[in-house]
Amino acid sequence: MKLWKGRFEKTSTQAADEFNASIGFDQRLYEEDITGSIAHAKMLGRQGIITEEESSVIVEALKQILEDIKEGKVQFSMESEDIHMNIETILTQRIGQTGKKLHTARSRNDQVAVDFRLYLKKETGAVDAALAALTETLAELAKKHQDTVMPGYTHLQRAQPVTLAYHLLAYYQMFSRDRERFADCLTRIDRLPLGSGALAGTTYNTDRQFLAEELGFSKVLPNAMDAVADRDFAIEFLSCCSITMMHLSRFCEELILWSSVEFAFIEIDDAYSTGSSIMPQKKNPDMAELIRGKSGRVYGDLMSLLTICKSLPLAYNKDLQEDKEPVFDSVDTLKASLGIFTDMIRTMKVRTDNMEEAARYGYMNATDAADYLVSKGIAFRDCHEIIGRMVLYAISEGKALDQLTMEEFKEFSDAFDEDIYEKIAVRSCIEAKRSQGSTSFDSVAKQLEDISK
Ligand code: ARG
């Protein structure tokens, strides 16, 4: 039976009911819906809008419904459209007339908005915990790999040697900023819409401050129309999710490359790899590929909600019912991706020997060789030119720079001395970095110390 049937002469078709119903997905909000209703019923009782007696009957029945749902004893119906009307219907079935008083001074518009905000508050906490586990794992790995030398890349070409710890700490910083972004987003999710009514406020002597305290919101939204109409908090949440997925996706791309025979920098644990149905030798990095792929669907969720909200006249429109599935999808996708990713990097094997070997070739010490000549008083631009010609020569000879003889060095510049070999050794190149935040061993140790504070 429809709670709003009074004004209608005809019933809607089965197809229209199915099209209109959101219970299939918004039942996920049952706990938030009941929590919001309990606070609302308490407020109605305190304010004398319903009696204290009625209020406690409603509250007790709602608590029981919550228990019953958790135990799987409750069957939701498509007839009742959404989670809000399902629970109200069950309440009235259980306590009769009193149940019908719960919706006094409330609309589904402020009800759904408060449910959604409560849900996102909870899930922002869960995402933060998953991000914290990831940054913790990155810090542990970095601590272990302070002496693991590898090539640093630009344009995916070998550029300058770095340590694996340094590379991992770059991601540590990205995921830490993701945590900051979610925390900041939370401050705007954390505002109470309940008590706004349909759009214009209500005629009752309600206490929204009490509702905020009861439900743990730090602020009351100051304009009821805004409170029921906007979903910017959810868009912001999805954009935080998208940025985190983008970071995960970049890292996954590297893990996929690194686990190829061409790189052979890491080996992903069997537990996070799959085989091929035809090629017996294959071990594929499917988890990393899936996370990279799933970044696409999370961006899609963000675009969906932005597009849903674009051009909506104030205040509530049923379009807004479409806000939930993209958000649920992103929450599920992000949490699963973070969990799998963290376990995958915790268990991967790092082929430190191959990383180090790769760091020796590719002329990554060319900048350091140029800096050597600068220290002998030659202008950097000229040094760049000299070393460039040396690299060209070394390539034609099939040699690394540090394999050139002293005579060969001297042909390019008189300023070279025996100490050049020491200066362009791979660890020296790393050690020599002095700027704040560099890859030098000391700087990385300092970065590790700073993040452990
Ligand atoms: N199921 C609806 C939603 O998710 C609840 C709000 C309905 N409000 C209304 N005025 N029809 O948006």
Side-chain angles (χ1 to χ4, degrees), residues 1-8 11-13 15-37 39-40 62 65 69 74 76-92 100 102-123 189 192-203 211 215 221 223-235 237-238 301 304-331:
M1 192 198 53
K2 297 201 166 59
L3 295 179
W4 40 255
K5 67 179 184 324
R7 184 234 178 277
F8 290 80
T11 56
S12 43
T13 66
D17 280 352
E18 276 170 18
F19 194 69
N20 194 38
S22 54
I23 187 64
F25 50 85
D26 67 12
Q27 55 183 280
R28 194 189 278 234
L29 299 174
Y30 73 87
E31 184 150 15
E32 286 76 18
D33 195 68
I34 291 178
T35 305
S37 289
H40 182 67
L62 284 170
I65 294 172
I69 297 174
V74 174
F76 295 121
S77 86
M78 197 266 297
E79 259 274 280
S80 291
E81 198 176 316
D82 56 23
I83 187 64
H84 325 293
M85 292 199 294
N86 262 276
I87 288 172
E88 197 186 324
T89 303
I90 297 164
L91 179 72
T92 304
K100 294 186 182 171
L102 171 63
H103 211 53
T104 318
R106 186 175 75 170
S107 152
R108 270 189 298 155
N109 299 349
D110 54 343
Q111 186 178 359
V112 72
V114 81
D115 290 5
F116 209 27
R117 283 175 184 267
L118 283 171
Y119 167 80
L120 279 178
K121 277 181 73 171
K122 178 181 79 185
E123 292 299 350
I189 295 173
L192 176 92
L194 193 59
S196 297
L199 75 162
T202 67
T203 52
L211 287 174
L215 292 170
L221 284 165
N223 178 293
M225 187 174 259
D226 166 49
V228 293
D230 203 6
R231 295 292 183 265
D232 57 354
F233 62 97
I235 293 172
F237 177 85
L238 289 179
D301 291 334
S304 293
L305 193 52
L306 277 169
T307 314
I308 288 161
C309 292
K310 168 185 174 293
S311 309
L312 279 190
L314 297 186
Y316 179 85
N317 303 267
K318 193 65 172 252
D319 312 47
L320 289 177
Q321 182 165 283
E322 291 290 313
D323 62 356
K324 282 163 216 70
E325 285 170 294
V327 168
F328 294 161
D329 181 63
S330 279
V331 165

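All ligand and atom numbering here is 1-based and tracks the order in the structure. Throughout, numbering of the chain's residues begins at 1 and tracks the sequence.
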Look at atom NZ of K100 and say whether more than 12 heavy atoms of other residues, nucleotides or ligands are closer to it than 6.0 Å. no
Salt bridge check: are K121 and E32 linked by an N-O gap of less than 4.0 Å? no
Tell me whether E123 is salt-bridged to R117, with the criterion being a basic N under 4.0 Å from an acidic carboxylate O. no
Just checking, K324 and F116: is the charged tip under 6.0 Å from the six-membered ring centre and within 45° of the axis? yes
Ligand 1 to S22, heavy atom cutoff 4.0 Å, flagged ligand atoms 1 (N)
Heavy-atom proximity to atom 10 (N) of ligand 1, picking from D115, D26, N109, I23, points to N109
Backbone N/O of I83 and side chain of D26: donor-acceptor pair under 3.5 Å: yes
Any idea which protein heavy atom is nearest atom 5 (C) of ligand 1, and the distance to it? D82 OD2, 3.4 Å
How far is atom 11 (N) of ligand 1 from the closest protein heavy atom, and which atom is that? R108 NH2, 3.5 Å
Going by the 4.0 angstrom heavy-atom rule, the piece of H84 near ligand 1 is side chain
Does K324 approach ligand 1 within less than 4.0 angstrom via side chain, backbone, both or neither, non-hydrogen atoms only? side chain
Sub-3.5 Å N/O-N/O distance, Q321 and ligand 1: yes
Using distance alone, determine whether Y316 and ligand 1 share an N or O pair under 3.5 Å. yes
If you take the centroid of each ring, where Trp contributes its six-membered ring, are F328 and Y119 closer together than 6.0 Å? yes
